[in-house]
Structures are given as structure tokens and as C-alpha cells.
There are 2 protein chains.
Amino acid sequence: MDGQEISPRRATSADVARLAGVSRTTVSFVLNDTPTQSISAETRRRVLAAARELSYAPSAEARALSRGRSTSVLVYLPPARSLTEEIGRIVERLSMLFDEAGLSMVIHAWTRRPAAQVWSSVTPAAVLAWDLTDEDAQLMRGNGVRGVASWTGTDAIGRWVTGAREQDSARLQVGRLVAAGHHRLGYAVTGADHMHGASQWRCEVLRRECEQRGLPAPGVIRLPADPSRAAQALEQWRASAPGVTGICAHDSTAALAVLAGMRRLGWRAPEDLAVVGVSDSAAAALADPPLTMVALDPEVTARYIVDVVTALVAGSPTPPAPSSGGAILVDRDSV
Amino acid sequence: MDGQEISPRRATSADVARLAGVSRTTVSFVLNDTPTQSISAETRRRVLAAARELSYAPSAEARALSRGRSTSVLVYLPPARSLTEEIGRIVERLSMLFDEAGLSMVIHAWTRRPAAQVWSSVTPAAVLAWDLTDEDAQLMRGNGVRGVASWTGTDAIGRWVTGAREQDSARLQVGRLVAAGHHRLGYAVTGADHMHGASQWRCEVLRRECEQRGLPAPGVIRLPADPSRAAQALEQWRASAPGVTGICAHDSTAALAVLAGMRRLGWRAPEDLAVVGVSDSAAAALADPPLTMVALDPEVTARYIVDVVTALVAGSPTPPAPSSGGAILVDRDSV
DNA sequence: CACAGACACTAACACGCGTTAGTACACCCG
DNA sequence: CGGGTGTACTAACGCGTGTTAGTGTCTGTG
């Protein structure tokens with residue numbers, strides 16, 4: 001299949017019209033079911049037959065051009081470190097929901113600098129980013145991008161994600177640990193994410209949750225994703241924060257790092273230190289001990305994001321945020 | 001930032017022309033550096049200034065329409081189960097490389113049925129899929145899609161992936177196990193992937209690799225991604241295939257499942273059973289014991305894919321496949 | 001029989017761009 | 001002064017759609 005034969009240029013609506021013996025306008029009316037126009041049954045049949053015969057599909061570009069607005073949504077992929085299994089599932093769900101909404105999802109890796117370059121060469125109807133400065137957002141809006149939203153921003157989606165969604169996770173994490181008798185908590189993150197975007201928010205929300213329950217603010221433990229170095233970091237931290245018995249891990253990897261470090265030190269979970277992570281994964285279920293995790297429903301998140309974006313594109317008011325963040329506690333053995 | 005003000009419709013090349021006091025044609029010549037046309041320094045300056053002033057960006061749709069070919073590449077996401085950390089990195093790299101090649105990557109989840117629907121509503125220049133039947137491929141080509149390639153197909157990319165790339169992994173996996181004194185091997189997969197696409201190929205390539213070294217063909221172990229059920233499967237399999245001491249795991253999750261099952265049975269790695277996985281991940285490094293893995297370089301893969309696709313789109317002959325699959329053995333403690 | 005109105009269809013424009021053919025002007029050579 | 005050669009620019013077309021305004025025919029009504 002290497003020598004792909006030169007494809008006869010794809011069929012256009014004019015080809016369909018010619019084959020069906022009608023005008024191009026009629027073809028358009030039939031295929032779009034234009035309600036203001038009536039078409040005889042016979043003509044409709046002929047047009048549909050011709051379209052099928054030529055396996056005609058309208059050109060997305062021409063359609064976008066004609067209707068005046070693009071149908072593509074540019075989604076900036078979060079930085080590699082944050083590309084978790086959960087995000088993968090959200091992305092997958094997004095692609096299907098956007099498709100149902102008649103939008104196509106263009107994905108691009110987030111590169112700090114030439115961001116403007118990308119969104120301007122794709123001319124999307126909306127942009128969904130992980131992290132976005134207000135200047136960037138303003139610039140995009142000024143250039144015809146109707147919907148601009150970000151995960152950690154101050155727009156509708158950002159507020160919900162960093163609000164209800166994070167709050168749900170924090171409540172479940174802290175609640176589970178407290179129920180097991182842990183009153184001094186810590187917050188674990190891996191790598192360079194420390195104090196960046198999502199991590200920053202999570203930490204803040206956890207602090208508030210603890211405060212509300214009359215617990216001391218959780219200290220931050222930054223762990224390398226390597227067993228022996230994780231052990232080292234864990235030991236150092238233990239010395240500086242005695243009495244902490246429960247850990248809220250930022251994600252699956254952070255939870256695994258805590259477990260790996262503990263193993264090296266001869267500590268046992270949950271006896272010596274209890275762990276609850278966020279964003280469930282296959283690896284978490286297979287850990288030793290199997291990790292108790294807060295699972296975030298990709299469906300709820302994807303649904304809300306698509307609803308907001310389509311509303312922005314259509315110019316209608318943004319829908320109310322779901323009251324729940326779609327978080328569920330998956331109880332296993334690490335607490 | 002909710003009340004997004006109505007954006008003044010985005011600037012067109014006509015706006016730039018008006019502001020610069022020249023014709024639209026001249027604007028196009030300046031901005032595209034058309035080599036057949038000479039432009040006075042003064043005019044060029046004025047046009048560039050006007051473009052900058054209006055922060056003009058050409059419409060991707062109009063450009064594609066005018067130049068006759070689309071610039072979007074439709075990438076079908078592999079089914080959720082195969083969405084590994086490694087694939088994530090490849091996707092990330094793809095987006096950057098395609099961008100450099102002037103193509104934009106549209107991502108869509110692979111849904112068995114309405115596949116045709118998607119690629120026809122996006123009208124991409126090329127389609128890259130995980131798995132693709134020859135009929136689907138033929139249909140797309142007949143409809144103006146110039147490049148059609150798939151991961152497990154019989155096209156250039158497919159041959160390389162299922163050839164050199166899989167072969168490299170198999171050689172490293174088997175080689176490492178043999179070096180440690182293991183001569184009877186098994187192949188572990190999780191979930192429903194059993195005997196589908198990539199897994200099927202991997203198994204076949206492993207069989208050939210073993211044959212070449214005079215070893216018996218590896219038996220297949222299918223594991224659930226759950227510790228106790230994995231243990232059960234492992235025990236049953238052990239009874240039916242005694243003497244096997246080395247396991248080639250399909251991916252990170254399969255390797256973790258083997259480890260989890262062994263732990264439940266009180267077996268130790270690598271003493272009772274040695275494990276080598278493919279597609280390294282953070283979780284593999286944090287496992288107990290840390291997993292020896294074959295890491296596949298996303299750069300090599302992404303680079304070749306982009307080279308092939310751009311060649312197909314341009315109509316030039318496809319470049320030769322890289323001799324190496326970009327696989328490296330990451331030695332840890334599970335062998 | 002004339003006229004209104006529904007019906008079925010089409011001509012023609014707009015969308016924003018790339019590009020070909022062509023125009024106006026200045027210059028040099030015979 | 002006529003004709004050629006550049007140089008710097010523009011008018012106009014085509015890409016494939018969606019859509020508005022219009023045209024012709026058939027039917028029913030006063």
C-alpha cells in the first residue's frame with residue numbers, strides 16, 4: 001500500500017449536482033435539510049443517491065469559510081508531567097463530545113513561548129488551555145477567538161475546576177484520613193510541579209479544608225520519582241514534621257513515590273503513614289498496598305467543558321457549573 | 001472574564017491592505033515572500049507595519065481552500081487501554097513536529113463505527129490511525145486524503161512499527177532475560193487487549209526472536225489489572241506452564257500486574273520470576289522491585305511518522321525507515 | 001379568465017485567501 | 001523618438017460552500 005495511486009480529486013457538491021441533474025444550490029438544500037426550502041421527494045432521492053454514489057463529503061474548510069466561523073477548538077495539552085491517565089481519558093471524552101457538537105478538536109502541546117503562533121495559524125473558534133495568562137486570553141479574543149478558557153484560569157471552567165472539583169477531592173482525601181484517625185496531614189507532589197498551577201491550587205484548597213476541620217495546615221513534601229531519593233526526601237521531611245500520619249498525594253505518581261520511599265525506609269502503609277491519592281490509575285490499583293484514591297469522573301469534566309465552550313462559540317450564556325466535581329473515593333488498602 | 005466582549009471580527013488581509021494603502025494582492029506578496037515578485041522596501045515596511053498593527057493572522061480555512069489542500073492531519077487516538085504514558089509523549093512530540101511542518105494535528109478518539117463520519121467532516125490531508133482496515137484506507141484515499149497510515153497496518157509506518165520497532169523491543173527483552181539465565185519465557189498482557197492489534201504483533205515477534213535463539217515459543221498469560229485476580233491467573237498459568245522463569249510484559253501495566261500477582265503469591269522477583277516490560281513509565285520506576293523496562297524513544301517514532309506523513313501529503317516518495325526502533329534497555333531490579 | 005399563492009428550483013453573491021495575467025511607469029539602447 | 005526590458009503594483013479569477021433573491025410552473029379561488 002505504499003504506492004498510493006493519485007486520488008481523483010475529491011467530489012464536490014458541484015459533482016453531485018451534475019450527476020443528479022440539478023443545481024448546486026438544490027444539493028446544498030437537500031443535504032442540509034434547509035427548513036425554509038421544500039424539495040420534491042424525487043429530487044431529494046436523486047441527490048442523495050448521487051451523493052452516496054460519489055461518497056461525497058462537504059469540505060470543512062469551505063463550510064467554515066462560508067459560514068463565517070471556524071469549527072475547530074484548539075486544546076493545549078498540559079505539560080508532559082501532568083499528562084496523567086485521567087487527563088488522557090478526559091481528552092478522549094472531549095474529542096467525542098466536541099464531535100457531537102460539530103466541532104473538531106485540534107491538539108497542540110503547550111510550549112510556553114510561541115503560543116500565539118499556533119492559535120493564529122489554526123484560527124480556532126475556541127481555545128482551551130491548561131494555564132493561560134490574562135494577556136494571552138485578551139489577545140486571542142481580540143483576534144476573533146470567541147471562547148477562551150483555561151483549567152486554572154479565572155473563567156467559568158477555571159473557577160469550577162479549581163473550585164468545586166478540587167474541593168471535592170480535598171474533602172474526600174481529608175475526610176477519609178480523618179475517619180481513619182489521622183489528624184496531622186501532609187501534601188505530597190513529585191518533580192518540578194511543586195507550586196505550579198494545579199499543585200498550587202490543590203495545596204491551598206487542602207489547607208482550607210483542614211482549617212475548616214480544625215486541623216493544622218498540611219506541610220508540603222516534594223518527592224523525586226525515584227525510590228531511594230524519595231526515601232531520602234521522606235526521611236528528611238519526617239524529621240522536620242513529626243507527628244504527621246496521613247498524606248494527601250497530588251496524583252497517582254506522587255502516591256506511588258510515597259509508597260516507594262516508605263518501602264525503602266521499612267515503613268508500612270497504612271500503619272506508619274496513610275496515603276490517599278487523586279486521579280486513579282491502573283498502577284495505583286496494582287501498588288503495594290493497593291492505593292486508596294480519589295477518582296475523578298472524566299465524563300462530568302468533559303461534559304461541562306464542552307457545554308461551556310459550545311456556549312461561548314454560539315454566543316449564548318455559559319451554563320451553570322455542575323454542583324458536584326464528579327469525585328468518588330475508591331477505597332483500597334493504603335489508609 | 002465571563003462577559004467576553006464581542007470581539008471585533010478578526011482582521012483580514014483586506015483590512016491590512018486598506019490600512020497600508022495598497023492592494024490585497026500586494027499584502028499577500030509581502031507576507032508570503034513570493035519569490036517571483038519584487039516589492040519596494042518602503043511598501044514592504046508599510047504592509048508589515050499594518051499587519052502588526054492589526055495583529056493580522058491569515059485564516060487557515062481560506063488558505064487551505066485557496067491552495068487546494070488542507071493542512072490538517074487527523075490522528076485517531078488508540079483505544080483507552082492503549083493510551084500509555086509513552087503514547088502520550090509521542091502525541092506531544094507529534095504535535096510539535098507537525099506544527100513545524102505547517103500541519104495541524106486534529107485528534108479524535110477511535111470509535112469503531114462512525115469513523116468515516118469523522119474524517120470526512122474534517123477533510124484532513126492525512127490520517128494516522130492506530131488500527132485501520134484496508135477498506136477504510138482505500139475509501140479515504142478515494143476521497144482526497146493523500147496520506148493514510150496506521151500503526152499496525154501494511155503501509156510504511158505500520159511496517160516499521162511492527163517491524164524494526166517491535167523487533168528491537170523483543171530483542172532487548174529476550175536478550176536481557178537470557179543473559180540472566182532464563183530460557184523458558186512467557187508473554188503477559190492485561191485486559192481485553194489480548195490478541196488485538198499491537199499485542200498480536202508483539203507476541204508473534206517474541207515468538208520469532210525466541211525461535212532464533214533456539215528457545216521454546218513463549219506462552220501467553222492474560223492478567224486482570226487487579227492484584228488478587230492477577231495472582232489467581234498467575235497461579236493457574238504456572239501450573240500449566242512449569243519451568244518458565246522469565247516474563248516479557250506487554251507494557252507497564254502488564255508488568256505491574258505480574259508483580260502484584262507475584263506479591264500475593266509470596267513469589268519474589270527476580271528470584272522466582274523475572275520480568276521485563278516495554279514502554280517505561282514513572283510507575284514502573286517506583287514499583288517493588290523497580291521494573292527493568294525497554295524504553296521506546298518517542299522522538300525517533302514521532303520524527304519518522306511526521307516525515308512519512310509530510311512526504312505523502314507533498315506527494316514525494318516516503319523516506320527510508322530508521323534502522324533502529326529507538327529502544328533502550330533501562331536496567332533496574334526485576335531481572 | 002385573471003390573479004394570488006404555494007411549490008420547486010436556480011443564478012449569483014459572499015467568505016478570505018493564493019495566484020495569473022495584465023497595467024503603468026521609468027529606464028536604456030539604437 | 002520608438003521599442004524593448006525591468007520594476008512595482010493591481011484587477012480579476014478560482015477554491016467549495018451557505019444563503020438570499022429571484023424565476024418559472026402549477027393549483028386553487030373570486
Side-chain angles (χ1 to χ4, degrees), chain A residues 8-48 50-51 54-72 102 120-125 143-144, chain B residues 8-47 50-51 54 56-72 102 120-125 143-144:
Chain A
R9 123 196 161 286
R10 63 178 288 150
T12 72
S13 78
D15 295 326
V16 177
R18 208 169 304 125
L19 181 58
V22 297
S23 76
R24 216 179 47 66
T25 309
T26 303
V27 172
S28 177
F29 285 152
V30 170
L31 296 181
N32 295 332
D33 272 330
T34 309
T36 60
Q37 187 58 257
S38 65
I39 300 286
S40 76
E42 167 60 13
T43 302
R44 158 166 280 122
R45 196 193 56 69
R46 282 223 313 281
V47 169
L48 290 174
L54 300 174
S55 67
Y56 164 75
S59 148
E61 292 90 356
R63 173 174 278 174
L65 188 58
S66 172
R67 300 224 291 207
R69 71 184 123 101
S70 158
T71 64
S72 65
S120 75
S121 79
V122 174
T123 59
N143 235 313
Chain B
R9 125 199 160 285
R10 64 178 285 150
T12 73
S13 79
D15 296 327
V16 177
R18 207 169 305 125
L19 181 58
V22 297
S23 78
R24 215 179 47 67
T25 308
T26 303
V27 171
S28 178
F29 285 154
V30 170
L31 297 182
N32 294 333
D33 272 331
T34 309
T36 61
Q37 186 57 257
S38 65
I39 299 287
S40 76
E42 166 60 13
T43 303
R44 159 167 280 122
R45 198 193 56 70
R46 282 223 312 281
V47 170
L54 300 174
Y56 165 76
S59 147
E61 293 90 355
R63 170 174 280 171
L65 189 57
S66 172
R67 300 223 290 209
R69 71 183 124 100
S70 157
T71 64
S72 66
S120 75
S121 80
V122 174
T123 58
N143 233 314

Which nucleotide in the set [options] lies at the smallest distance from any side-chain heavy atom of [X]?
X	options	result
B/P58	C/dC17, D/dG16, C/dT10	C/dC17
B/L65	C/dG16, C/dC9, D/dA8	C/dG16
B/R24	D/dA12, C/dA14, C/dT20	D/dA12

Legend entry - Touch class at under 4.0 angstrom, heavy-atom based, for A/T34 against every strand present: nothing

[X] [atom1] - [N] [atom2] separation (whole Å):
X	N	atom1	atom2	answer
B/R45	D/dA8	CZ	C1'	17 Å
A/N32	D/dT20	CG	P	13 Å
B/D33	C/dC17	CG	C1'	17 Å
A/Q37	C/dC9	CD	P	9 Å
B/R44	D/dC9	CZ	C1'	13 Å
A/E42	D/dC26	CD	C1'	18 Å
A/F29	C/dT10	CZ	C1'	9 Å
B/I39	D/dG6	CD1	P	18 Å

Given [N], is OP1 or OP2 found less than 4.0 Å from the side-chain N or O atoms of [X]?
X	N	result
B/T26	D/dT10	yes
B/S28	C/dC17	no
B/R63	C/dG18	yes
B/S38	D/dA8	yes
B/S40	D/dC9	yes

Within the distance-only criterion (no hydrogens, no angle test), does the side chain of [X] pair as donor or acceptor with the backbone N or O of [Y] below 3.5 angstrom?
X	Y	result
B/R10	B/A57	yes
A/S59	A/A62	yes
B/R24	B/S13	no

Inset, instruction - Can you see which heavy atom on B/V47 is nearest to which on B/V27, and at what distance? - result: CG1-CA, 4.1 Å

Legend entry - Minimal non-hydrogen separation, A/S72 against A/T123, with atom names: OG-O, 4.1 Å

Any donor-acceptor pair, under 3.5 Å, between the side chain of [X] and the base of [N], if you only look at N and O atoms?
X	N	value
B/E61	C/dC17	no
A/T25	C/dA11	yes
B/S66	C/dC17	yes

Legend entry - Separation between CD of B/E61 and OG of A/S66, rounded to the nearest 0.5 Å: 11.5 Å

Inset, instruction - Could you say whether B/V22 or A/S13 is positioned toward the 5' end of DNA chain D, judged by the nucleotide with the nearest heavy atom to each? - result: B/V22

